[in-house]
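Structure record follows, encoded as structure tokens.
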Amino acid sequence: MTHYEQRLEKDIERIRHGVIAIAKGAERGLENAITALLTLDSDLAYRTIIDDNPINRQAEEVDRLCHFFVARHLPSAGHLRFISSVLRMNVELERIGDYAVNIAREAATIKQPIEDPIRGEIERMAKDSLRMYRHAIAAFAEGNEDAARATMKSAKAVVVEFEEIYEELVREGGDAGLPVKDLLSKLIVIYMLERVSAQSKNLCEEVVFALTGDRKRRRPVKLIFLDRDGGMASRMAVAIGRKAFPEQGIYRSSGLAQAAPDPSLVRFMDEAGHSLDGATDPTLDLKSIHWRDFDVIVSLEGPLSDYLAEPPVGTVAFEWPVPSRPEPKDPDAVERFRQMYQEISVRLHDLMETMRGLTDDDHRG
């Protein structure tokens, strides 16, 4: 190894050790913040807040070292990917340190001890988030692509835990009449823990990029369209989505009842270049839908409250009132379908462009 190569590797290791030092500091902060929360130890909470300052200084030092490395070595290929990833990881680790501070601030002000079952659920969520975080840092320290990819898959479980605890806390607050401040503190805590999991997934993605150059692909948006019987506007929306934005979305339909597509709708869609004859999945049974599986819920006929009590946390919901469906033997049926088709197409195009962005080919389509 040449003298230059030795110097380059020494600088890389210095940056790597700096990242690990920040990660360990943030980990201690999270551990202490959770302990302070569960024991109502305000002194530990305040010390955790103060201890975030060295983490911020370490992050500033790693940032300086990265820019110095670029100026000194003019890196390319793997070394450049490593520096690029570290700069993003630096921001993510600093955020995780901030999450620990936020938890500690709530721990310092909460008035009543957290009792089971919420206490046990927060402990479980904290354990899962911290485990994911530790695995992400270990993957970085070891340069282990497989470990990073495996850890990324754990994020969904933490999201589900967050949604379940959130719903339970809301019910508990209403039923038991808990102090508003304590309820808000608990909600903030579980949100911070969910964010730790999300940032840990981001850390793993940066590890994979540094090692392979692979960038994450955005997963398709999961949408469900609702109408009275799942056989008219919702079927049209699914067909439009699958043809216009096949890679960006996964589309399903449901309704208050279940019906096959109206024959006149099938003819119209055939002429518009969309086959409904066996090309779409059956409508989902409204009673068996797991709403949290969807990113977007759209009611095309009537208010959302006709279909579900309320959207789950993390899901967005819209009401897109479309032109009324034609009655049997309506002489203006084709015109009504055309208006319905145009309204859904425009709204769906705007939604997908906002959520995932569209290529030139998508715009031309």
Side-chain angles (χ1 to χ4, degrees), residues 1-33 47-104 129-152 154-155 192 195-216:
M1 183 180 291
T2 66
H3 176 70
Y4 170 74
E5 290 172 335
Q6 291 176 342
R7 186 174 64 181
L8 184 148
E9 289 303 317
K10 182 178 179 180
D11 289 345
I12 284 285
E13 282 306 302
R14 188 179 178 188
I15 292 171
R16 191 187 308 276
H17 288 313
V19 172
I20 294 172
I22 297 169
K24 289 181 176 178
E27 180 182 345
R28 285 193 301 271
L30 287 168
E31 293 171 339
N32 289 339
R47 282 191 284 117
T48 301
I49 294 170
I50 294 298
D51 287 344
D52 186 55
N53 289 280
I55 296 175
N56 292 337
R57 291 196 295 272
Q58 288 173 328
E60 292 172 358
E61 175 62 10
V62 167
D63 185 81
R64 186 191 69 80
L65 290 174
C66 286
H67 286 91
F68 177 77
F69 184 91
V70 171
R72 185 179 195 180
H73 298 289
L74 299 176
S76 60
H79 289 129
L80 183 58
R81 291 201 308 269
F82 175 81
I83 295 299
S84 176
S85 292
V86 165
L87 286 169
R88 286 187 290 270
M89 291 177 71
N90 205 28
V91 174
E92 289 154 359
L93 289 170
E94 194 169 2
R95 285 176 182 167
I96 290 174
D98 292 340
Y99 299 153
V101 168
N102 291 339
I103 294 172
S129 294
L130 273 167
R131 180 173 59 245
M132 186 175 176
Y133 174 67
R134 292 176 183 130
H135 287 174
I137 298 307
F140 169 77
E142 300 164 5
N144 190 327
E145 176 194 351
D146 292 337
R149 291 188 184 277
T151 302
M152 288 160 58
S154 305
M192 292 297 102
R195 289 290 83 202
V196 170
S197 169
Q199 294 294 346
S200 298
K201 182 180 179 181
N202 291 345
L203 292 172
C204 290
E205 289 167 349
E206 294 305 333
V207 171
V208 171
F209 175 72
L211 294 172
T212 68
D214 290 344
R215 267 285 171 217
K216 70 173 182 179

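Summarising the geometry of L93 relative to A26, their closest heavy-atom pair is O-CB, 4.2 Å, with the distance given to 0.1 Å. In this structure, L211 and G143 approach most closely via the heavy-atom pair CD1-O, 3.4 Å. Between F209 and R81 the shortest heavy-atom distance is O-NE, 3.1 Å. Of all heavy-atom pairs spanning N90 and A59, the tightest one is ND2-O, 2.7 Å. Across all non-hydrogen atoms, the minimal contact from N144 to V207 is O-CG1, 4.3 Å. For the pair A104 and A33, the tightest heavy-atom approach, listed with the atom from each and the gap, is N-CB, 3.9 Å.
Residue D11 forms a side-chain hydrogen bond (donor to acceptor under 3.5 Å, both in side chains) with just one option from R72, H79, R16, Q6, and that option is R72.
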Give the intermediate values and the outcome of side chain to side chain contact (heavy atoms under 4.5 Å, CB included) for residues I103 and T48.
-> CA-CA 9 Å; I103 294 172; T48 301; over 6 Å; no
List the steps and the verdict of salt bridge (Lys or Arg N to Asp or Glu O under 4.0 Å) for K10 and E13.
-> CA-CA 5 Å; K10 182 178 179 180; E13 282 306 302; over 6 Å; no
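Look at E60 and R57 and you find no salt bridge, because none of the NZ, NE, NH1 or NH2 atoms lies under 4.0 Å from a carboxylate O.
Inter-residue side-chain proximity for V196 and L130 is flagged as unmet; no heavy-atom pair is nearer than 4.5 Å. Residues R149 and D214 form a side-chain contact, since some pair of their non-hydrogen atoms from C-beta on lies under 4.5 Å apart. Residues L65 and R14 have side chains in contact (heavy-atom distance under 4.5 Å, counting atoms from C-beta outward).
With no hydrogens or angles considered, a side-chain donor-acceptor pair links S84 and R88 at under 3.5 Å.
Applying the ring pair (Phe, Tyr, Trp, His ring centres under 6.0 Å) test to every pair with at least one member in residues 2-29, sequence neighbours left out, gives these pairs: Y4-H73.
No side-chain donor-acceptor contact under 3.5 Å links Y99 to the backbone of L30. Of the possible polar contacts, none joining the N32 side chain to the G29 backbone as a donor-acceptor pair under 3.5 Å is found.
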